[in-house]
> 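This structure is in C-alpha cells; I'll ask about it shortly.
In what follows, chains carry the letters A, B, and so on, assigned in the order in which the sequence lines appear, proteins first and then strands, with residues in each chain numbered from 1.
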Number of protein chains: 2
Amino acid sequence: MNSKKLAEFLEYAASLCETREVRLTPQRLEVLSIIAASGKPVGAYEILQKLQQERPNAAPPTVYRALDFLQEQGLVHRLASLQAYLACNHPHDEHQGQFLICSDCGRVREMEDGAIHTSLCKAADKAGFDMDDEIVEILGRCGECKRVRS
Amino acid sequence: MNSKKLAEFLEYAASLCETREVRLTPQRLEVLSIIAASGKPVGAYEILQKLQQERPNAAPPTVYRALDFLQEQGLVHRLASLQAYLACNHPHDEHQGQFLICSDCGRVREMEDGAIHTSLCKAADKAGFDMDDEIVEILGRCGECKRVRS
DNA sequence: AATAATATTGTTACAATATAACATAACTCT
DNA sequence: AGAGTTATGTTATATTGTAACAATATTATT
Ligand SMILES: [Zn+2]
Ligand SMILES: [Zn+2]
Ligand SMILES: [Zn+2]
Ligand SMILES: [Zn+2]
C-alpha cells in the first residue's frame, strides 16, 4: 500500500470507528498502520517488533489485544493458514472475505465473491448446518508469479 | 467412529498404502488410529499424550512426522482454524475436503462439494490465479446442536 | 551374505504463536 | 469528585511446531 492509500485507509478506519462509537486508540491505530503499510500478511511478532520501535515496552498482549479489536471492527483479517494478519481492502461491514494467497511472492488478494458465498450457504444448508463464519483461503500462484516462472 | 468402522478404516488405509507402496508403519498406524478413534479433531499434543501411553518415549517430532505422512496420503486433514487433525471420511485420493465445524459440540463433517470447488476455481481463474490448494472451513452449529439449543 | 543407499525413528533443544492473571491507568458518566 | 467501565502495563506461561544430528531399520546392489 502506498502512503497516499495508506493515509486514506487510516482516515476511513478512524471515521468508521467514530461512527460506531468505538475507540481507535493511538496504539490500535499504530498496529493497524503497521499491518496496512506492509501490504502483505504479517505475523503478530513481526508487528510487535515494529511496534516496539515506537513503544519499547510493547508486549505480546499489546499486539493481540489490538488485533482482537481490529478484527472485531472488520479492519483486519486473520489468515488461518498463515497465522498472520492482513488489512481489509474494503472494510465496509462485518464480513470474512475470501483470500488468494500466492505461495511464491506471499501477496494476498482479498475477494468477496458472491458465488462462493452462495455455494457455501447451500452446502451448509443441505447438511442442516447453521453457518456463522466462513474461512476460504486459496493457495497457489498469482498472475505475476505465473508469468515470471513460465 | 465405532470400533467396527474404525477397524474397517484402518484396514482400508493399510491396503491403500500397500497399493501405493508406502509404509504405514506401526507408529504411523497408531497415530492414525488415535485420530480416527476420537472421531473429532485432535491437537498434536493430545495425540502425543495418547501415543505416550503405548510408547513412553514418543516426542513431538514422532507425532508431527506421522502427521506429515498421513496428510500426504490423504488419510488425515489438518483444520487450519483449529490447529487440529481429523481422519478423512472418504480417503480415496489426493483431495482437501471442505469442513463444517460445530462450535458447540466440536464435531466436524467433511464434505466434497462440487459446487463449492467450482465456484473457487472460477473465482481464482477470474483473478488470473493458479490454484493449488483450497481451504474451506465453515464454522457454526450442526443440526443436532441447533435442535438442542432452540 | 556383505555393502551401500535410503527411509524411519530417537533425542535434545528450541522457535513461533498465543493466552492467563493481575496491577495500573485512562476514560465516561453521574 | 466518585463509581463503573474500558484500555493498557507487566510478568509469566501455555500451546503449537521445527531444527539438527545421532541411531536404527529397511531396501537395493553387488
Ligand atoms: Zn475484508
Ligand atoms: Zn505471486
Ligand atoms: Zn478427506
Ligand atoms: Zn454440534
> In this structure, how many angstroms lie between the P atom of C/dT9 and the CD atom of B/Q52, rounded?
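After rounding, the gap between these two atoms is 16 Å.
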> Tell me whether A/E112 at atom CD has more than 12 heavy atoms from other residues, nucleotides or ligands lying less than 6.0 Å away.
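More than 12 heavy atoms, drawn from other residues, nucleotides or ligands, come within 6.0 Å of this atom.
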> What integer distance in Å separates A/E21:CD from D/dT6:P?
13 Å
> Would a single hydrophobic cluster contain both B/M111 and B/I135, if residues Ile, Leu, Val, Met, Phe, Trp and Tyr are joined by side-chain heavy-atom contacts under 4.5 Å?
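In one cluster with B/I135: B/M111, no.
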> Quick check: do A/D104 and A/V148 have side-chain heavy atoms less than 4.5 Å from each other?
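The answer is no; the side chains never approach within 4.5 Å.
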> Nearest whole Å is fine: how far is D/dT10 C1' from A/Q27 CD?
13 Å
> With A/L75, which of A/L16, A/V31, A/I35 fulfils side-chain contact (heavy atoms from CB on, under 4.5 Å)?
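For A/L75, the side-chain contact (heavy atoms from CB on, under 4.5 Å) check succeeds only for A/L16.
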> Quickly work out the A/L79 CG to C/dA16 C1' distance and round it to whole Å.
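The answer, rounded to whole Å, is 17 Å.
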> What is the separation between atom CG on B/L24 and atom C1' on C/dA7, rounded to the nearest whole Å?
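These atoms are roughly 15 Å apart.
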> Going by atom types alone, do B/H77 and B/E110 pair a side-chain donor with an acceptor below 3.5 Å?
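Per modelled atom types, B/H77 and B/E110 side chains form a pair under 3.5 Å.
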> To the nearest 0.5 Å, what is the distance between OG (B/S3) and CD (B/E8)?
10.0 Å
> Measure from the side chain of B/T25, starting at C-beta and using heavy atoms only, and say which of C/dT12, D/dT8, C/dT9 lies closest.
C/dT9
> Starting from the first five and the last five pairs of the helix from C/dA1-D/dT30 to C/dT30-D/dA1, work out the angle between the resulting helix axes, to 10 degrees.
30°
> Any side-chain N or O of B/R28 under 4.0 Å from OP1/OP2 of C/dT9?
yes
> Is any side-chain heavy atom of B/E54 closer than 4.5 Å to one of B/P26?
no
> What protein N or O atoms touch nucleotides 15-21 of chain D N or O atoms at under 3.5 angstrom, if any, and at what distances?
from	atom 1	to	atom 2	distance (Å)
D/dT16	O3'	B/Q83	NE2	3.3
D/dG17	OP1	B/R78	NE	3.3
D/dG17	OP1	B/R78	NH2	2.3
D/dG17	OP2	B/Y64	OH	3.0
D/dG17	OP2	B/Y85	OH	3.2
D/dG17	O5'	B/Y64	OH	3.3
D/dG17	N7	B/Y45	OH	2.6
D/dG17	O6	B/Y45	OH	3.0
D/dA20	N6	B/R65	NH2	3.3

> Find out whether A/Q83 and A/R78 are in side-chain contact, i.e. whether some heavy atom of one side chain is under 4.5 Å from a heavy atom of the other.
yes
> In whole angstroms, how far is the C1' atom of C/dT11 from the CZ atom of B/R55?
16 Å
> Taking the side chain as C-beta and beyond, is there a heavy-atom pair between A/P60 and A/L48 under 4.5 Å?
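Answer yes - side chains close enough.
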> Mind calculating the distance between CG (B/L48) and P (C/dT12) to the nearest angstrom?
14 Å
> Rounded to the nearest Å, what distance is computed from the CG atom of residue B/N57 to the C1' atom of nucleotide D/dT24?
13 Å
